[in-house]
Every structure is written in structure tokens, then in C-alpha cells.
Number of protein chains: 2
Amino acid sequence: MKISKRAYYGLRAAVSLAEADGPVSARELAEREHIPEDFLEKILQKLRKTGIVESTKGVEGGYTFANKAASVWDILKSLDGPVRTFSSPGGKGTLPCDFPSHCRTNDVLRRLEIEIEKTLSGMTIGHLNEQLTTHNKQREDKDENRIKSCE
Amino acid sequence: MKISKRAYYGLRAAVSLAEADGPVSARELAEREHIPEDFLEKILQKLRKTGIVESTKGVEGGYTFANKAASVWDILKSLDGPVRTFSSPGGKGTLPCDFPSHCRTNDVLRRLEIEIEKTLSGMTIGHLNEQLTTHNKQREDKDENRIKSCE
DNA sequence: TTTAAATAGGACTAAATTAGTCTTACTTTG
DNA sequence: CAAAGTAAGACTAATTTAGTCCTATTTAAA
Ligand code: SF4
Ligand code: SF4
């Protein structure tokens, strides 16, 4: 269970966009964040379709963060589709099926899904960026305050 | 973010093994749970290496559930390796790096990781199987009590 | 009014991961 | 010793993810 590059890039792009003032072009953003340009473009387009960023075409155009209330969950959903950790044996709604073990497993995974959603919905990009100063301060402190085990 | 078949199968196998009395052979278990036999064997071997199941060779041998205190988290870790949702740009511990957006993103993902671990560690296979009767009863009730949106 | 800087979108390819299979060897009980 | 089992590793197939490329369209500024 690891996060996709798409989601990772998207998250970073969103965070970065949210603290910019004017529109930022995909190219510029790609450089700032070290993300392959064409790939980033695709990501931004997905984010636009779900209203998380806005775009303006033409010279001096680019992408703007549109919705500071958007949560990390919203972004992940936009990029990787609905997060589904469980399903039924048949694949389609042929329930109830005859596999009790399957059913209990699904029950667990569903609870997990709910927890994940809860956690990620509570974190808005706006809030993340408010933490910026605090975080930067921490970074300037000694090693101890850094994120632990960042590989 | 979806769960792998390996993990899914493993979970189901564990739940099923835990309620059996004697050792169950891979073949038998594969039939019971509708899992490809050779693949299941691999899964069980991983689970053995982490002490979740035990095996006895030879005729009348098979796999036994070894540790009722094992949690869903333990099983997932055994099968898919450590669940890592975040990392540093360089990949190795060349920190601190120069990408504040990256850092905040990691911070979020790390919190998520913690939530997931917390949720899944709290669920032991023993506990899951205690719920069996309750759950089966629910299944026998009308549709309303089934897991919602099991596709 | 041309041109350069941008987004829009779709088709395509490459890389990586996941899922599954096959083969061979060893172990145990009847 | 034969049948039923696990052990381990190499291999292949299928799917997903990551990334590229190409062409069209829009827009502001020169
Ligand atoms: S019995 Fe459980 S696992 Fe099977 S279809 Fe119904 S809800 Fe899903
Ligand atoms: S600054 Fe943040 S993201 Fe960068 S290496 Fe350090 S902890 Fe990781």
C-alpha cells in the first residue's frame, strides 16, 4: 500500500500552487517541483476537472489554486479515482455471497477506508500552508525536529 | 490506493485458517476460499516466515494458524512489505532537502500511515472470528444489514 | 496581425509491479 | 516405498503506472 507518483506529484503541485499569487504555468511548476512536465500537465488537467485548480490559457496564463478548502482526500480522489479497498468475490453486486471469510475481510477493509477518508478529509491545503512557517522553523532547527525516517 | 490480491487472499486465508481446528493443506484451503493454489502457497509461506501460521509437512500436514493475537496490520506487513507512503526527493536520507512542498506532503502522508497502522493493529484475527456469529446473523437478516456498497 | 507562450486532449510507449505458474526437491505418515 | 504434503526459486503473463508525443486551440503582447 503505497501512494502513486501521480498522487504524490499532484499533492506537491497543489501545495506549491496554493502559496503562489498569480497563475503559474505547468512548465514553471514542473521546474519548481522537479516533476516531468508533460506528466504534470496531465495531473493538473485532472485537478482542473474536479475544480481544485483553475486554468487560464494563452501567454501569461497558467494554473491557479481554486479552492483552499479542498482536502488532501479530494486531491487523491481526483487523481487516482475512488479509493476502493474491498470488493465482493464475483466482482459485481451478487450479494450476499457464500464466503464468510470474504465478508469479514471486507468489513475490515471498509473500516479502514472510512478511517483513511476521515484522516485525509480533515486536512485542507489551506491548513497545510498555514503550517508552513512553523514547519520551516522546525527545519531550520537541528535534525531532531525533522520528519523521522524520511528516507 | 487499493489493496493487492495477495493481501486480500492472505487475509481471507488467515481468517479461514483461524477458525479451522486441525492443519489445513494449501490445496484444501485454496478450494475453500477460491484462491489459485500455487499463489496461495506462496502467500502462506510468507505468513509462516513471520510466524502468523505454522506448517507441518507430509501426509496429513498443512497449515495452522499460529498466533491469534496477530493483527490485520501484521498480515498486511508480512505480505506486501512495510507500508511506506512517503519518501524524500532523493530517495535516500539526504535531508533536509530544498523542497518545502515535498516536506509538507510527506508530513501528511506520514500521519496517514500512522492512522492506518493504528486502525489495523487494533483488529486481531482472533477478534474478527469472535464477530463471526454476529456477522452471520446479520447476513441472515434482510439486505439492510449487509455491508453497504459491496460491489 | 503575427507570434510566442500557454492550455487541451488524445494516442501512444515504456517501465514497473502484481499475479500467477511451473519445476524440482525435500519430508512425513500410512 | 508411495502418496500427500510443504519449500523454494525461477519463470511468464497480465495489469497498472508512469511518462511521452503530437496536434489543436487560445490568448496577450509585440
Ligand atoms: S456476504 Fe459479505 S462479502 Fe459476500 S457479497 Fe455480501 S457483503 Fe459482500
Ligand atoms: S526537508 Fe522534509 S522532505 Fe526534505 S528530506 Fe527533510 S524531512 Fe524529508
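A, B, ... follow the sequence lines: proteins, then strands. Residue 1 opens every chain.
Residue B/L17 holds its CG atom at 5.0 Å from CG of B/L29, rounded to the nearest 0.5 Å. Within the model, atoms CD of B/E115 and CZ of B/R111 stand 10.0 Å from one another, a figure rounded to the nearest 0.5 Å. For the atom pair B/I116 CD1 and B/L120 CG, the distance stands at 7.0 Å (nearest 0.5 Å).
Rounded to an integer number of Å, the gap from CZ of A/R6 to P of D/dT16 is 12 Å. Summarising the geometry, the separation between CD on A/Q45 and C1' on D/dT25 is reported as 12 Å, rounded to the nearest angstrom. One interatomic measurement links the two molecules: CD of B/E28 to P of D/dG5, which rounds to 9 Å at whole-angstrom precision. Taking atom NZ of B/K42 as the reference point, atom C1' of D/dT12 lies 14 Å away to the nearest angstrom. Look at CD on A/E41: it is 18 Å from P on D/dA18, rounded to the nearest Å. B/Y8 has its OH atom 19 Å from the P atom of D/dT15, to the nearest Å. Whole-Å rounding puts the A/R27 CZ to C/dA4 P distance at 13 Å. Across the protein-nucleic acid pair, A/I3 atom CD1 and C/dT17 atom P stand 16 Å apart, rounded to whole Å.
With D/dT6, D/dG19, C/dC22 as the candidates, the nucleotide lying closest to the side chain of B/D38 is C/dC22. With C/dG20, D/dT17, D/dT6 as the candidates, the nucleotide lying closest to the side chain of B/F39 is C/dG20. Closest contact between the side chain of A/R48 and the listed nucleotides C/dG20, C/dA8, D/dT20 involves C/dA8. The side chain of B/S25 sits closest to D/dG5 out of D/dG5, D/dG19, C/dG9. The side chain of A/P36 sits closest to D/dG19 out of C/dA19, D/dG19, C/dG9.
Every residue two or more places apart in sequence or in another chain was checked for a salt bridge (Lys or Arg N to Asp or Glu O under 4.0 Å) with B/K57, and none qualifies. In this structure A/E54 satisfies the salt bridge (Lys or Arg N to Asp or Glu O under 4.0 Å) test with no other residue, sequence neighbours excluded.
Residues from residues 52-68 of chain B lying near DNA chain C, meaning a heavy-atom separation below 4.0 Å, are B/K57, B/G58, B/V59 in numerical order.
Taking 4.0 angstrom as the limit, B/Y9 places none of its side-chain polar atoms (N or O) nearer than this to OP1 or OP2 of C/dA19.
A salt bridge links B/R32 to B/E28: one of the charged nitrogens lies within less than 4.0 Å of a carboxylate oxygen.
No donor-acceptor contact under 3.5 Å links the side chain of A/K49 to the base of C/dG9.
With a 6.0 Å radius and a threshold of 12 heavy atoms from other residues, nucleotides or ligands, B/E60 has its CD atom at or below the threshold.
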